[in-house]
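To keep things clear, I will list the structure first and then write my remarks on it.
Treat the numbers as computed from the prediction; the structure is a model and nothing was measured. Lettering follows sequence order; numbering is per chain, from 1.
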2 protein chains.
Amino acid sequence: MDQPSLKAVLGQAQAFFSSKGLRFTKQREAVTTLIFRTQEHFRPEELCERLRKSDSSASRATIYRTILHLVESGMLREISLGGGERLYDPNFLKSPHHNHLVCVDCRKIVEFEDPNLDIMQNCITRRMGFSPTEKALRIEGRCDMLRLLGTCKNFNAAGKKGQRDKASKG
Amino acid sequence: MDQPSLKAVLGQAQAFFSSKGLRFTKQREAVTTLIFRTQEHFRPEELCERLRKSDSSASRATIYRTILHLVESGMLREISLGGGERLYDPNFLKSPHHNHLVCVDCRKIVEFEDPNLDIMQNCITRRMGFSPTEKALRIEGRCDMLRLLGTCKNFNAAGKKGQRDKASKG
DNA sequence: GGCAAAATGATATTGCGTCTCAATCTCGCG
DNA sequence: CGCGAGATTGAGACGCAATATCATTTTGCC
Ligand SMILES: [Mn+2]
Ligand SMILES: [Mn+2]
Ligand SMILES: [Zn+2]
Ligand SMILES: [Zn+2]
């Protein structure tokens, strides 16, 4: 279920570009590949850096432009996990309605879907006179370290769980 | 239910500041007053401008610092309504669990609470091994223009509903 | 008044995203 | 093949929000 088809994804991207009279250049392919190969949430600047380190290459401008195109195609979505930072999420392709759970201790991110939740959200929305087009639920919390021993990075750092904050990568 | 007590709010702020060994200066009071008098979502820069126009005054630095303090006090919350822009929300004081409905046509924002939704979110969160600390649900959609005639700004602009986008204030 | 801590505000700096524009690429056509 | 229109790229300039710095001012207290 991880990479069901990078090839298919590239095909879909190519189809979108050509449907718009745009070309699927090697730069755009490189960006698209990088995004959908690891399937992780990312910041644009971080993507630039990753691409710079790889063998392929594209300028910052091209990377930003490609991201916009992919968003327009529906293959990529902008999300927010707090802190005002702009993130992009390539996982709506395989999980079109997923939400996010973020551990405030170890910054672990868990994606989940729940049809019943969706139904309830839709009901409420309509009751208030709206037709929903997009929903984004983000839940912050603490992952249960004892039960999930080993998956919470902060638990591994034993005992001292006070120095995380936004040092999620420092 | 609108301004149940600006005075009480200022008292609460003052209490927080002094509990931290900080002073409730006239600048901080001016910022706090401005935030909680209109009770609207705001961007920091916009708050700066509003304060500049008023009779009171505070530097940008002080405004940003005061915002941080108020967030730490729990009286103010950072939210995201999409587009990656940082917004602050003073309304969690009177409605501690509210969510946001945003009309993609007219940018109207509606706040709502729903205890059942909260319960369901909590259940799901715990089922996944998390203890929830904060939840943020944002729903984008279209407000029903026919039914809500007069409240959807875009409907008033009769017929031509293509030129909004991010011109929510142009 | 005089001191130390806290607070302020002008300014510099950073980070991120957008814009501009000249150079390059691609494709179809004669 | 050689050309030209339109698309694409990339370097750099730019704009804006937010943060950091630091000298000056204010405050509470003795
Ligand atoms: Mn995701
Ligand atoms: Mn709100
Ligand atoms: Zn954790
Ligand atoms: Zn509307």
Side-chain angles (χ1 to χ4, degrees), chain A residues 13-14 16-32 34-35 41-52 54 56-73 76 78-88 165-170, chain B residues 13-14 16-32 34-35 41-52 54 56-73 76 78-88 165-170:
Chain A
Q14 180 156 36
F16 170 77
F17 279 103
S18 77
S19 82
K20 290 281 180 176
L22 305 172
R23 300 170 193 145
F24 196 53
T25 62
K26 66 179 192 304
Q27 287 94 338
R28 285 172 178 165
E29 180 174 340
V31 174
T32 307
L34 191 55
I35 289 175
H41 306 139
F42 64 89
R43 293 193 306 273
E45 293 296 322
E46 164 197 341
L47 191 69
C48 292
E49 197 175 353
R50 271 201 278 151
L51 194 64
R52 227 175 296 126
S54 79
S56 9
S57 136
S59 70
R60 233 163 55 93
T62 296
I63 294 174
Y64 273 93
R65 283 186 289 234
T66 303
I67 287 176
L68 286 189
H69 283 131
L70 290 174
V71 167
E72 195 194 338
S73 81
L76 193 61
E78 187 182 320
I79 65 170
S80 165
L81 296 184
E85 71 179 353
R86 202 178 299 199
L87 283 187
Y88 289 92
D165 280 347
K166 56 184 53 178
S168 63
K169 53 179 343 192
Chain B
Q14 179 155 36
F16 170 77
F17 278 104
S18 77
S19 82
K20 289 281 179 175
L22 305 173
R23 299 167 195 150
F24 197 53
T25 62
K26 66 179 191 305
Q27 287 93 336
R28 285 171 178 168
E29 180 173 342
V31 174
T32 306
L34 191 55
I35 289 176
H41 306 140
F42 64 90
R43 293 192 306 273
E45 292 296 319
E46 165 196 341
L47 191 70
C48 293
E49 196 174 354
R50 271 200 279 151
L51 194 64
R52 227 175 297 126
S54 79
S56 10
S57 139
S59 71
R60 241 163 50 92
T62 296
I63 293 174
Y64 273 94
R65 284 186 289 236
T66 303
I67 287 176
L68 286 189
H69 284 130
L70 291 174
V71 167
E72 196 194 338
S73 82
L76 192 61
E78 188 183 318
I79 65 171
S80 165
L81 295 185
E85 70 178 355
R86 202 178 300 200
L87 283 186
Y88 289 92
D165 280 346
K166 56 184 52 179
S168 63
K169 52 182 343 194

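Taking atom CD1 of A:I63 as the reference point, atom P of D:dG10 lies 9 Å away to the nearest angstrom.
Applying the side chain to side chain contact (heavy atoms under 4.5 Å, CB included) criterion to B:Q14, with sequence neighbours excluded, gives B:F24. A search for side chain to side chain donor-acceptor pair (under 3.5 Å) contacts involving A:S18 returns nothing, not counting sequence neighbours. Evaluation of the side chain to side chain donor-acceptor pair (under 3.5 Å) rule for B:R52 yields no partner, not counting sequence neighbours. In terms of the side chain to side chain contact (heavy atoms under 4.5 Å, CB included) criterion, residue partners of B:L22 (sequence neighbours excluded) are, by chain and number, B:F17, B:K20, B:R28, B:H69. By the salt bridge (Lys or Arg N to Asp or Glu O under 4.0 Å) test, B:E49 pairs with no residue at all, sequence neighbours left out.
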Practice item. Would you mind building the protein contact string for nucleotides 5-18 of chain C? One character per nucleotide, 5' to 3', B for base within reach (heavy atoms under 4.0 Å), S for sugar-phosphate only, - for untouched. Key: BBSBBB-----SBB
